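All remarks here apply to the structure that follows.
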Number of protein chains: 2
Amino acid sequence: MKDAHRSGCPINLTLEILGDRWSLIVLRDMMFGNRRHFRELLTRSDEGIASNILADRLKRLMEEGLISRADDPSHKQKGLYSLTEMGISLVPVFAAMGTWGRRFLPVSEELSIRAELLERGGPAIWEDFMAELRAMHLGMPAPERSVFAELRKAYEDVMAAKAVP
Amino acid sequence: MKDAHRSGCPINLTLEILGDRWSLIVLRDMMFGNRRHFRELLTRSDEGIASNILADRLKRLMEEGLISRADDPSHKQKGLYSLTEMGISLVPVFAAMGTWGRRFLPVSEELSIRAELLERGGPAIWEDFMAELRAMHLGMPAPERSVFAELRKAYEDVMAAKAVP
DNA sequence: ATATAGTAGTTGCGTATTGCAAGCAGTTGA
DNA sequence: TCAACTGCTTGCAATACGCAACTACTATAT
């Protein structure tokens with residue numbers, strides 16, 4: 001942000017913003033887990049982010065324009081973080097990374113079911129999901145189809161199948 | 001690699017391997033710039049990677065299975081790095097990142113022309129490009145179409161247009 | 001044979017980032 | 001009033017990064 005860019009290559013510029021171990025984790029939880037508050041992002045993350053890292057990443061992602069912050073009317077000290085269009089537009093990147101990870105890395109079934117759904121649905125489901133995210137985060141009118149609900153149901157079905165084998 | 005994973009989420013596992021500022025830069029140069037030797041990757045990179053970082057990344061990417069190394073027959077000390085199928089399969093990830101970066105970040109025209117081509121061509125061109133990479137890096141039979149040549153020509157055309165305005 | 005340039009790295013060292021544990025100040029609800 | 005909850009901040013140690021110099025070997029030219 002402050003100092004000059006290493007180069008004008010799109011891959012490089014993307015890495016300058018997202019090229020660390022936590023930024024995409026935070027965005028993933030906001031996007032797929034609908035976590036909008038600091039505490040939710042802090043404690044309900046599978047990976048266990050530290051609070052100072054989370055504070056720093058939220059600040060940087062705001063500076064870069066991927067998320068925004070508003071006061072939560074229900075609690076004066078509570079902030080509500082939202083994805084911007086820039087953040088929502090990362091859906092295809094997440095889909096591509098999920099597809100690659102599922103193919104080559106030792107993923108767990110319950111945590112990769114969403115990636116599988118996004119892979120099978122292709123660009124059509126990504127568009128529907130982004131439309132829904134725009135409704136949830138930007139106040140746009142809600143689309144009929146709820147990909148979010150489909151993703152959650154798929155996850156819960158896997159968990160239920162594991163619990164009762 | 002050595003210690004346990006933070007979680008089995010595909011996004012997280014991908015970030016554990018590629019979530020830093022340099023790994024994808026190295027892979028990008030191997031993939032789109034056809035840089036196969038240490039010196040090429042070191043000096044012909046727009047971003048200017050340090051030699052110790054490059055050595056470390058090449059080692060880690062080999063350990064993770066994204067690249068392989070062979071002795072270059074023309075020079076006993078020269079190593080030849082190749083992409084594996086795991087590395088080649090990152091093409092859609094690069095394409096998605098390139099599309100996103102081109103839309104939201106201050107990319108330069110000459111360095112984003114390749115991303116634009118990959119975006120316009122869609123999955124069909126990605127497949128052709130991956131087939132060509134398999135020929136260049138894995139010894140598979142070469143496809144008729146050379147996406148690599150198309151990417152290079154597009155870059156050279158932009159540079160020529162800039163030189164003679 | 002000797003010199004020169006090129007090969008792939010390694011080493012030292014200072015700075016920046018990360019990770020962990022604890023603490024802080026304001027807010028809410030009982 | 002007070003405990004629990006809110007979004008952070010601080011201190012400190014470990015790790016990673018970045019730069020410059022340097023090593024060791026190989027090929028080539030004279």
Side-chain angles (χ1 to χ4, degrees), chain A residues 1-7 12 15-27 29-30 33-64 67-82, chain B residues 1-7 12 15-26 29-30 34-64 67-82:
Chain A
M1 196 61 184
K2 49 293 307 177
D3 44 6
H5 296 298
R6 301 187 297 191
S7 86
N12 173 60
L15 286 177
E16 288 186 12
I17 294 180
L18 301 172
D20 71 270
R21 259 164 194 70
W22 290 110
S23 297
L24 283 172
I25 295 286
V26 172
L27 291 167
D29 285 349
M30 290 183 67
N34 199 30
R35 314 223 165 105
R36 311 283 295 270
H37 304 291
F38 191 94
R39 282 287 154 174
E40 287 179 328
L41 290 164
L42 184 66
T43 61
R44 296 182 51 211
S45 153
D46 289 318
E47 291 83 12
I49 190 171
S51 59
N52 55 346
I53 307 285
L54 176 58
D56 178 73
R57 289 306 177 280
L58 289 170
K59 178 165 153 261
R60 283 174 46 178
L61 291 172
M62 272 194 288
E63 288 172 358
E64 300 291 352
I67 63 176
S68 65
R69 190 207 142 114
D71 291 333
D72 188 324
S74 77
H75 188 304
K76 280 190 181 163
Q77 208 172 18
K78 220 165 168 177
L80 182 70
Y81 292 97
S82 300
Chain B
M1 198 59 181
K2 49 297 305 177
D3 43 7
H5 295 298
R6 301 187 299 189
S7 87
N12 173 59
L15 286 176
E16 288 186 12
I17 294 181
L18 300 173
D20 71 270
R21 259 164 192 68
W22 289 111
S23 297
L24 283 173
I25 295 286
V26 172
D29 285 349
M30 289 182 67
N34 198 30
R35 310 213 172 114
R36 311 283 296 272
H37 303 290
F38 191 94
R39 282 288 152 177
E40 288 179 325
L41 290 163
L42 183 67
T43 61
R44 296 182 51 212
S45 153
D46 289 318
E47 291 84 12
I49 190 171
S51 59
N52 55 344
I53 307 285
L54 175 58
D56 179 73
R57 288 307 177 279
L58 288 170
K59 179 165 153 261
R60 283 174 46 179
L61 290 172
M62 272 194 286
E63 288 171 357
E64 299 290 350
I67 63 176
S68 65
R69 191 207 141 115
D71 291 333
D72 188 325
S74 77
H75 188 304
K76 280 191 181 162
Q77 208 173 16
K78 219 164 168 174
L80 182 70
Y81 292 97
S82 299

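Only heavy atoms go into these numbers, but all of them, side chains included; no hydrogens, no water, no symmetry mates. The sequence lines fix the lettering, A, B, ..., with proteins before strands; numbering per chain opens at 1. No experiment lies behind these values; they were computed from the predicted model shown.
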Next item on the list: Tell me whether the OP1 or OP2 atom of C/dT17 has a side-chain N or O from A/Trp22 closer than 4.0 Å.
Entry: no
Margin query: Can you see if the side chain of B/Tyr81 gets near the phosphate of C/dT7 - specifically, an N or O under 4.0 Å from OP1 or OP2?
Written below: no
Notebook entry, point to check: Atom CG in B/Leu24, atom CG in B/Leu61: separation rounded to 0.5 Å?
Noted result: 8.5 Å
Check: Once you round it to whole Å, what is the distance between P of D/dC8 and CG of A/Leu54?
Finding: 9 Å
Item checked: B/His37 NE2 - C/dA5 C1' separation (whole Å) -> 17 Å
Margin query: Would the distance check show the side chain of A/Asn12 and the main-chain N or O of A/Ser7 forming a donor-acceptor pair, the cut-off being under 3.5 Å?
Written below: yes
Checklist line | Nearest-Å distance for atom pair CG/P, residues A/Asp56 and C/dA16 | finding: 14 Å
Note to self: How long is the straight-line distance from CZ of A/Arg21 back to CD1 of B/Ile17, given to the nearest 0.5 Å?
What the structure shows: 10.0 Å
Next item on the list: Give the minimum heavy-atom separation between B/Leu54 and B/Val26, together with the two atoms involved.
Entry: CD1-CG2, 3.9 Å
Next item on the list: Starting from C1' on C/dA25, measure out to NZ on A/Lys78 and report it in whole angstrom.
Entry: 18 Å
Notebook entry, point to check: Within the pair A/Arg39 and D/dC8, is there a side-chain N or O less than 4.0 Å away from OP1 or OP2?
Noted result: no
Could you list, one pair per line, each protein nitrogen or oxygen that sits under 3.5 Å from a nitrogen or oxygen of nucleotides 27-30 of chain C, together with the distance?
residue	atom	partner	partner atom	Å
C/dT28	OP1	A/Lys76	N	3.0

Next item on the list: Could you check how far CD1 of B/Ile53 sits from C1' of C/dG9, rounded to whole Å?
Entry: 13 Å
Notebook entry, point to check: Would one find a side-chain N or O of A/Arg69 under 4.0 angstrom from OP1 or OP2 of D/dG7?
Noted result: no
Note to self: Working to the nearest 0.5 angstrom, can you tell me the gap between B/Arg69 CZ and B/Lys59 NZ?
What the structure shows: 13.5 Å
Sort me out a list of protein N/O and nucleotides 9-15 of chain D N/O pairs below 3.5 Å, or just none if empty.
residue	atom	partner	partner atom	Å
D/dT9	O4	A/Ser51	OG	2.6

Check: A/Arg60 CZ to C/dT17 C1': how many Å, rounded?
Finding: 9 Å
Next item on the list: Specify the separation, in whole Å, of atom CD of B/Glu47 and atom P of D/dC17.
Entry: 16 Å
Next item on the list: Measure the distance from CG on A/Leu58 to P on D/dT6 and round it to the nearest whole Å.
Entry: 15 Å
Margin query: Distance to the ring centre below 6.0 angstrom and angle to the axis at most 45 degrees; does that hold for A/Arg36 and A/Tyr81?
Written below: no
Check: What distance do B/Ile25 atom CD1 and B/Arg57 atom CZ have between them, rounded to the nearest 0.5 Å?
Finding: 11.5 Å
Item checked: Pairwise distance CG(A/Leu27) to CG(A/Leu58) - rounded to 0.5 angstrom -> 9.0 Å
Note to self: Testing the basics here: between A/Arg60 and A/Glu16, what is the closest heavy-atom pair and its distance to 0.1 Å?
What the structure shows: NH2-O, 4.4 Å
